[in-house]
Trainee: 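Before anything else, here's the structure in question.
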Amino acid sequence: RLSEPEAIIASLAASTGSSASPVANRALAGLRVVVSAGPTYEDLDPVRYLGNRSSGKMGFAIADSARRRGAEVVLVAGPVHLATPPGVRRVDVRSAAQMHQAVFAAFPADIYIGAAAVADYTPRMPAANKIKKSNESLALDLVRTPDILSEVAAQAEGLKLVVGFAAETENVAGYARGKLVAKHLDLIVANRVGVADGGFESDQNAMTAYWQDGERTFTPGAKTRLADDLIDLIVERLDA
Ligand code: C5P
């Protein structure tokens, strides 16, 4: 006799290592979620840029997970080589300035999840022509980029939950809690980078989420499953 559809889905989810609960879990139905993902590239001249090692995998998995929970999702993506999750509206950007603009253009929204590794500094004046190697050393004149996450938390109206990420190499809990307060976030997700099998470029991750009066360490594993776990926590915090 054929098993019940829910049982088939649960068994498939278990065999793929996903915690995906039955398709019927549409806890985010009716909500609009904006997710930023990937690195930003800050152009130095027409052929060179300052970038970072973010792959975008975590943010794309989060967008996919939120969509499967019924949300309307806008994914603002830096330069990455990833397929757009089904049903997600994707806006491609390159620089921190463009990401800033695209994120605010995507509002109003109910939830913002800043998973992008936004450059902290950008060249004051990108060179119009290719920079020549004329001197023995070269100093770059860089200026701070806008902190998109802080501005969202401070300015965007109607948001029910603002979630940030912290990629740290040391004192993970301390720095993460510091950012939770400084950036006025509802939730911050910290992951330790620079260790084997986690963080940038990997399909695996190890994460702990912190909020004002609590924390949760997720079982390390596939970013796709961790995205589902994070969305479950977000649903809980929305109701808290
Ligand atoms: O301060 P730090 O860069 O470690 O904070 C990381 C968090 O802030 C991430 O959620 C990232 O997306 C966000 N961020 C941002 N704009 C910046 C720098 C970081 O939105 N210019």
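We use all heavy atoms of the structure for the numbers below, so side chains are in, but hydrogens, waters and symmetry mates are not. In each ligand, atom 1 is the first atom listed, and ligand 1 is the first ligand listed.
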Trainee: Looking only at heavy atoms of A96, does any of them come nearer than 4.0 Å to an atom of ligand 1?
Mentor: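 Contact check A96 vs ligand 1: negative.
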Trainee: Test E215 against T217 for side-chain hydrogen bond (donor to acceptor under 3.5 Å, both in side chains), laying out the working first.
Mentor: CA-CA 7 Å; E215 65 178 76; T217 298; 4.6 Å; no
Trainee: For atom 17 (C) of ligand 1, state which one of V118, V103, V163 supplies the nearest heavy atom.
Mentor: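 It is V118 that holds the nearest heavy atom.
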Trainee: Give a yes/no on ligand 1: does A166 have at least one heavy atom closer than 4.0 angstrom to it?
Mentor: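 No.
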Trainee: Could you tell me whether E236 and R216 make a salt bridge, using a distance below 4.0 angstrom between a side-chain N and a carboxylate O?
Mentor: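 So E236 pairs with R216 through a salt bridge.
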Trainee: Quick one: sort the Y112 and F107 rings into parallel, tilted or perpendicular, breaks at 30° and 60°.
Mentor: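 Answer is perpendicular, since the angle exceeds 60°.
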Trainee: Using distance alone, determine whether L149 and ligand 1 share an N or O pair under 3.5 Å.
Mentor: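 Yes, L149 has an N/O under 3.5 Å of an N/O on ligand 1.
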Trainee: Would you mind telling me if ligand 1 is within reach of the side chain of A117, the backbone, both or neither, using heavy atoms under 4.0 Å?
Mentor: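 Near ligand 1, A117 shows nothing, with every heavy atom at 4.0 Å or more.
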Trainee: Just to verify, which of T145, V91, V76 counts as forming a side-chain contact (heavy atoms from CB on, under 4.5 Å) with M99?
Mentor: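 Going through T145, V91, V76 one by one, the side-chain contact (heavy atoms from CB on, under 4.5 Å) with M99 is satisfied by V76 alone.
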Trainee: Considering non-hydrogen atoms of the protein only, which is the closest contact for atom 1 (O) of ligand 1, and what is the distance?
Mentor: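 For atom 1 (O) of ligand 1, the nearest protein heavy atom comes out as K183 NZ, 2.9 Å.
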Trainee: For atom CZ of F218, decide whether the heavy atoms of other residues, nucleotides or ligands shown that lie under 6.0 angstrom number more than 12.
Mentor: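 Yes, CZ of F218 has more than 12 neighbouring heavy atoms, counting only those of other groups under 6.0 Å.
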Trainee: Check each atom of ligand 1 against the heavy atoms of P146 and keep those under 4.0 Å away; list them by number with element.
Mentor: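 Close to P146: 16 (N), 17 (C), 21 (N).
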Trainee: Of the side chain and backbone of V152, name the one, both, or neither that has a heavy atom under 4.0 Å from an atom of ligand 1.
Mentor: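 For V152, no heavy atom sits under 4.0 Å from ligand 1.
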Trainee: Is it true that M99 lies under 4.0 Å from ligand 1, counting heavy atoms only?
Mentor: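 Checking ligand 1 against M99, which is what was asked, there is no heavy-atom contact under 4.0 Å.
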Trainee: Can you say whether the rings of H100 and F104 are parallel (under 30°), tilted (30 to 60°) or perpendicular (over 60°)?
Mentor: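 Rings of H100 and F104: tilted, 30 to 60°.
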Trainee: More than 12 heavy atoms of other residues, nucleotides or ligands under 6.0 Å from CD of Q212: is that the case?
Mentor: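 No.
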Trainee: Which residue is it: D186, L185, I234? I am looking for the one with a side-chain contact (heavy atoms from CB on, under 4.5 Å) to V163.
Mentor: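 Between V163 and the candidates, side-chain contact (heavy atoms from CB on, under 4.5 Å) is satisfied uniquely by I234.
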Trainee: Decide salt bridge (charged side-chain N to carboxylate O under 4.0 Å, His left out) for D92 and R90; before the verdict, give the C-alpha distance in whole Å, the side-chain angles of both, and the deciding distance to 0.1 Å.
Mentor: CA-CA 6 Å; D92 285 310; R90 173 175 179 171; 2.9 Å; yes
Trainee: Would L226 and T219 satisfy side-chain contact (heavy atoms from CB on, under 4.5 Å), going step by step from the backbone distance to the final call?
Mentor: CA-CA 8 Å; L226 283 163; T219 308; over 6 Å; no
Trainee: Could you work out, for atom 7 (C) of ligand 1, the closest of Y175, F165, Y121, Y112 by heavy-atom distance?
Mentor: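 Among Y175, F165, Y121, Y112, the closest heavy atom to atom 7 (C) of ligand 1 comes from F165.
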Trainee: For ligand 1, which atoms have a heavy atom of G164 less than 4.0 angstrom away?
Mentor: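 Selected atoms, number and element: 10 (O).
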Trainee: Among all the protein's non-hydrogen atoms, which is closest to atom 11 (C) of ligand 1, and how far away is it?
Mentor: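 Looking at atom 11 (C) of ligand 1, the protein heavy atom closest to it is A116 O, 3.3 Å.
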Trainee: What atoms in ligand 1 come closer than 4.0 Å to a heavy atom of D120?
Mentor: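 Near D120, the atoms of ligand 1 are 3 (O), 18 (C).
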Trainee: Hey, is ligand 1 close enough to K179 that some N/O pair sits below 3.5 Å?
Mentor: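 Yes; at least one N/O pair falls below 3.5 Å.
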Trainee: I need the atoms of ligand 1 closer than 4.0 Å to a non-hydrogen atom of T145, numbered in the order shown.
Mentor: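 It comes down to these atoms of ligand 1: 21 (N).
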Trainee: Yes or no on salt bridge (charged side-chain N to carboxylate O under 4.0 Å, His left out) for R124 and D141, after CA distance, side-chain angles and deciding distance?
Mentor: CA-CA 6 Å; R124 186 186 299 279; D141 185 11; 2.7 Å; yes
Trainee: Which residue owns the protein heavy atom closest to atom 16 (N) of ligand 1, what's the atom, and how far is it?
Mentor: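 Scanning the protein heavy atoms, the shortest distance from atom 16 (N) of ligand 1 goes to I148 N, 3.0 Å.
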Trainee: Give the single entry among A190, G114, A37 that approaches atom 10 (O) of ligand 1 most closely by any heavy atom.
Mentor: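 Heavy atom nearest to atom 10 (O) of ligand 1 belongs to G114.
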